[in-house]
Chemist: 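A single structure is presented below for examination.
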Amino acid sequence: MISSLVKELKYEKAFELFRDVNRDNGFTVDCFTISTLLTACSGCFALMEGRAVHAHAIRAGFETNLSVKNALIGFYTKCGSIKDVAALLERMPVRDIITWTEMITAYMAFGYVDLAVEIFDKMPEKNCISYNALLAGFCKNGKAVEALDLFVKMVEQGLVLTDFTLTSVVNACGLLMEAELSEQIYGFVTKCGFGSNACIEAALVDMWTRCGRMADAEKMFHRWPSDKDGSIIWTSMLCGYARNGQPERAISLFHLCQSEGRVVADEVMLTSVLSVCGTLGFLEMGKQIHGLVLKTGFSSDVLVANSLINMYFKCGNINNAITTFHATPLHDIVSWNTLIAGHLLHRQGDEALAVWSRMENSSIKPDAVSFALIISAYKYTNSNSVDSCRNLFLSMKAIYEIEPTSEHYASLVGVLGYWGFLEEAEEIINRMPFEPKASVWRALLDSCRIHSNTTIGKRVAKHIISMEPQDPSTYVLVSNLYSASGRWPNAEMVREDMRGKGFQKHPSRSWIIHQNKVHSFYVRDKSHPQEKDIYSGLEILILECLKAGYVPDTSFVLHEVEEHQKKDFLFYHSAKLAATYGLLTTRHGQPIRIVKNILICGDCHSFLKYVSVVTRREIFFRDASGFHHILNGQCSCKDYW
DNA sequence: GTAGGGTTAG
């Protein structure tokens, strides 16, 4: 009876019935029912119920039953702690190779890599499964180098390599993201004659995409037989496209998968495609997938829910994001972080801080990401609360016992810099207890751009370039810094320097979603089918804005050309093209929604403010800094971004 | 007892 209730997903009733039986000391439930109940408890994080079932199993003498034991390990791995799993295994009457291996897997699942290694070294006997368990554990914890070392040892010792071994090695290589090594590993796997093992093939697709070898990934993906279950390999490919800056392809793949109907979208695929919808700002599609999530019953999966919340925020729908958060039965730290990040994306610092207080009253403890986020919230508070920000930073270590990393310093520097405390920010970096990553200096350089401070900016840029001479983004920042302060010749010098070193700027791109399609524009892009309408529309728009007082700022043109040509470059920036397309394709009174992959330039920002006046339209512009909500000539970023 | 795809920041 209890088992059938669980099967029908009526957990509450099943637990109730179990409690009745449990109270009556004369009765015990059988091993199968105990296992079923434990699986149910794992599914809904019912720690108390699971513990009660465990106590019952001990009383009935079923703890050592193989299926009960496995269910208990599964339950404690998901809902409990490593102590629970360790205590359970300690009580097993026989400590054989299987128990030892289970210990390794458990320690690895909880992230205790050193303890797992200790157990492995202490084991009186080892076989290839124990090696595989350790190998997989390294991969699970991102220890690719350790995994590869172990693999080499296995080969040297002549151990039997199974499909499990090869899958883990492929995984390790994906973690390293090294294209050349991936070639070698692939050669090795082929030599071993892995045949058509689904796990290895899926791992290979994932590895290729992580190493940037999309053609190889596609080749393997297309070889997948259509009669075989493909949800995993399809998701690998979909995420691969997303990871390699091809979100449109990821969306097409999802459409294909839906229309062909042979691969059913599961919770992992839905999570991934929702993330892509967020990246693109694809609200309509995101809503449709939300419908699918509700229909398929995946809305209680916390990862799916978090991805939904994130999607709504990135698509500009704050209300749906918050409603989805409240509709989710179980929140983890990522749910809270997503909520905070969402408010920050909309520059709502006070709202983010309010969420922070609510989180502090919940049972969830903030993690390192929470702090990186909440420190940044002080950029967007209504009153200058730099003091509170400094205190929060200090409390990290003092109260929460989280050691600040470069990311946290970068957030703090960003806030101080934003409010104009550039010297203090520089001082903090110089006094950091460890070597700062380039990202910390970059946060300060960004502040120098905002405040047009070339004195500090130049110093900071030197640091970054010496640390990361290969990274073109610094040159762009320095160049923009000079441009923003009207020092055009210097900006061009930096550009020249960049060209001399063979760097190419990450191409700037803006897009609009219209009729379920992404309409993307680069600077001076003429590839759109409605190119003529867009360019003539933009001509008119520019004239209207000039009449209203718009003054083109040619310092944002990063090419050495004549003044009249500069305007030509400036007028056809991707943001302006996308905005015009948005005006042409939406009815009067409808807002325009644009997304840009990097920061919007100062001239486009000023232009869009005039556009909002002359067309009486509301503009939602999302760039790398967050949303610019432009209305009646004013922007929510207060012209600091 | 060991294997494949997922969410948040920068």
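Chain letters run A, B, ... following the sequence lines, proteins first, then strands; residues in each count from 1. Computed over heavy atoms, backbone and side chain alike; hydrogens, waters and symmetry mates excluded.
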Chemist: Could you check which of B/dG6, B/dT2, B/dT8 has an atom nearest any side-chain atom of A/Ala341?
Modeler: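 Of the options given, the side chain of A/Ala341 lies nearest B/dT8.
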Chemist: At 4.0 Å (heavy atoms only), tell me whether A/Ala136 reaches a base, stays on the sugar-phosphate, or touches nothing.
Modeler: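 The residue A/Ala136 makes sugar-phosphate contact but no base contact.
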Chemist: Base, sugar-phosphate, or nothing for A/Thr235, non-hydrogen atoms under 4.0 angstrom?
Modeler: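 Since a base atom lies under 4.0 Å of A/Thr235, the category is base.
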Chemist: Figure out the CG/P separation between A/Leu161 and B/dA3, and round it to whole Å.
Modeler: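 So the two atoms are 16 Å apart, to the nearest Å.
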Chemist: With a 6.0 Å cut-off on the ring centroids, do A/Phe371 and A/Tyr400 count as close?
Modeler: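 Under 6.0 Å, so yes.
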Chemist: Heavy atoms from C-beta onward define the side chain here; which of B/dT8, B/dT2, B/dA9 lies closest to that of A/Glu407?
Modeler: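 Within the option list, the nearest is B/dA9.
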Chemist: Does the gap between the ring centers of A/Phe393 and A/His408 come in under 6.0 Å?
Modeler: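 Ring-ring flag for A/Phe393/A/His408: false, centres at least 6.0 Å apart.
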Chemist: Would you classify A/Val304 as touching base, sugar-phosphate or nothing, given that sugar-phosphate means primed atoms plus P, OP1 and OP2, and contacts are heavy atoms under 4.0 Å?
Modeler: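 Base contact - A/Val304 has a heavy atom under 4.0 Å of at least one base atom.
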Chemist: Of the listed nucleotides (B/dT2, B/dA3, B/dG5), which one gets closest to any side-chain atom of A/Asp266?
Modeler: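 Of B/dT2, B/dA3, B/dG5, B/dG5 is nearest to the side chain of A/Asp266.
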Chemist: Please check this pair: side chain of A/Asn317 against backbone of A/Phe313, looking for a donor-acceptor N/O pair closer than 3.5 Å.
Modeler: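 No, the answer is negative, given that no donor and acceptor are paired below the 3.5 Å cut-off.
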Chemist: Report the nucleotide, chosen from B/dA9, B/dG1, B/dG6, that has the shortest atom-to-atom distance to any side-chain atom of A/Arg210.
Modeler: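 Nucleotide nearest to A/Arg210's side chain: B/dG6.
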Chemist: By the 4.0 Å heavy-atom rule, please label A/Ser406 as base, sugar-phosphate, or nothing.
Modeler: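 No contact.
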Chemist: How many whole angstroms separate atom OH of A/Tyr131 from atom C1' of B/dA3?
Modeler: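 The answer, rounded to whole Å, is 19 Å.
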Chemist: Below 4.0 angstrom from OP1 or OP2 of B/dG1, is there any side-chain N or O of A/Arg95?
Modeler: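 No, A/Arg95 has no side-chain N/O under 4.0 Å of OP1/OP2 on B/dG1.
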Chemist: Checking all strands, does A/Ser236 fall into the base, sugar-phosphate, or nothing category for heavy-atom contacts under 4.0 angstrom?
Modeler: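 Sugar-phosphate, no base atom in range.
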Chemist: Measure from the side-chain heavy atoms of A/Thr167 and tell me the nearest of B/dG4, B/dT8, B/dG5.
Modeler: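 Between B/dG4, B/dT8, B/dG5, the one nearest the side chain of A/Thr167 would be B/dG4.
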Chemist: Can you tell which of B/dG6, B/dA3, B/dG5 lies closest to the side chain of A/Cys199?
Modeler: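 When the side chain of A/Cys199 is considered, B/dA3 is the closest of B/dG6, B/dA3, B/dG5.
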Chemist: What nucleotide, of B/dT7, B/dT2, B/dG4, holds the atom closest to the side chain of A/Ser275?
Modeler: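 That would be B/dT7.
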Chemist: With the side chain of A/Asn306 defined as its heavy atoms from C-beta on, choose the nearest nucleotide among B/dT7, B/dG5, B/dT8.
Modeler: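 Nearest to the side-chain atoms of A/Asn306, counting from C-beta on, is B/dT7.
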Chemist: A/Asp301 CG to B/dT8 P: how many Å, rounded?
Modeler: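 It works out to 14 Å between those atoms.
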Chemist: Determine whether a donor-acceptor pair (one donor, one acceptor, N or O, separation below 3.5 Å) exists between the side chain of A/Asn171 and the base of B/dA3.
Modeler: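 Answer is no: no donor-acceptor pair is held.
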Chemist: With a 4.5 Å limit on heavy-atom distance, are the side chains of A/Glu201 and A/Thr167 in contact?
Modeler: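 No - every pair of side-chain heavy atoms lies 4.5 Å or more apart.
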Chemist: OP1, OP2 of B/dG4 versus side-chain N and O of A/Asn197: anything below 4.0 Å?
Modeler: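 So the side-chain polar atoms of A/Asn197 never come under 4.0 Å of the phosphate oxygens OP1 or OP2 of B/dG4.
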Chemist: Which listed nucleotide (B/dG6, B/dG5, B/dG1) is nearest to the side chain of A/Met269?
Modeler: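 Nucleotide nearest to A/Met269's side chain: B/dG5.
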Chemist: Rounded to the nearest Å, what distance is computed from the NZ atom of residue A/Lys314 to the C1' atom of nucleotide B/dT8?
Modeler: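 After rounding, the gap between these two atoms is 8 Å.
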Chemist: With a 4.0 Å limit, can you tell me whether A/Lys69 has a side-chain N or O closer than that to the phosphate oxygens OP1/OP2 of B/dG1?
Modeler: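 No.
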Chemist: Can you measure A/Phe254 atom CZ to B/dG6 atom P for me and round it to whole angstrom units?
Modeler: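 Taking atom P of B/dG6 as the reference, CZ of A/Phe254 is at 16 Å.
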Chemist: Is it the case that the side chain of A/Arg622 and the backbone of A/Lys314 share a donor-acceptor pair, with hydrogens and angles ignored and the cut-off at 3.5 Å?
Modeler: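 Present.
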Chemist: Could you tell me if the ring centre of A/Tyr380 sits under 6.0 Å from that of A/His346?
Modeler: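 No - the distance between ring centres of A/Tyr380 and A/His346 does not fall below the 6.0 Å cut-off.
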Chemist: Would you indicate, yes or no, if B/dT8 has its OP1 or OP2 atom less than 4.0 angstrom from a side-chain nitrogen or oxygen of A/Asn310?
Modeler: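 A/Asn310 to B/dT8 OP1/OP2: side-chain N or O found under 4.0 Å.
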Chemist: Tell me what A/Ile129 touches on the nucleic acid: a base, only sugar-phosphate, or nothing, going by heavy atoms under 4.0 Å.
Modeler: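 Base contact.
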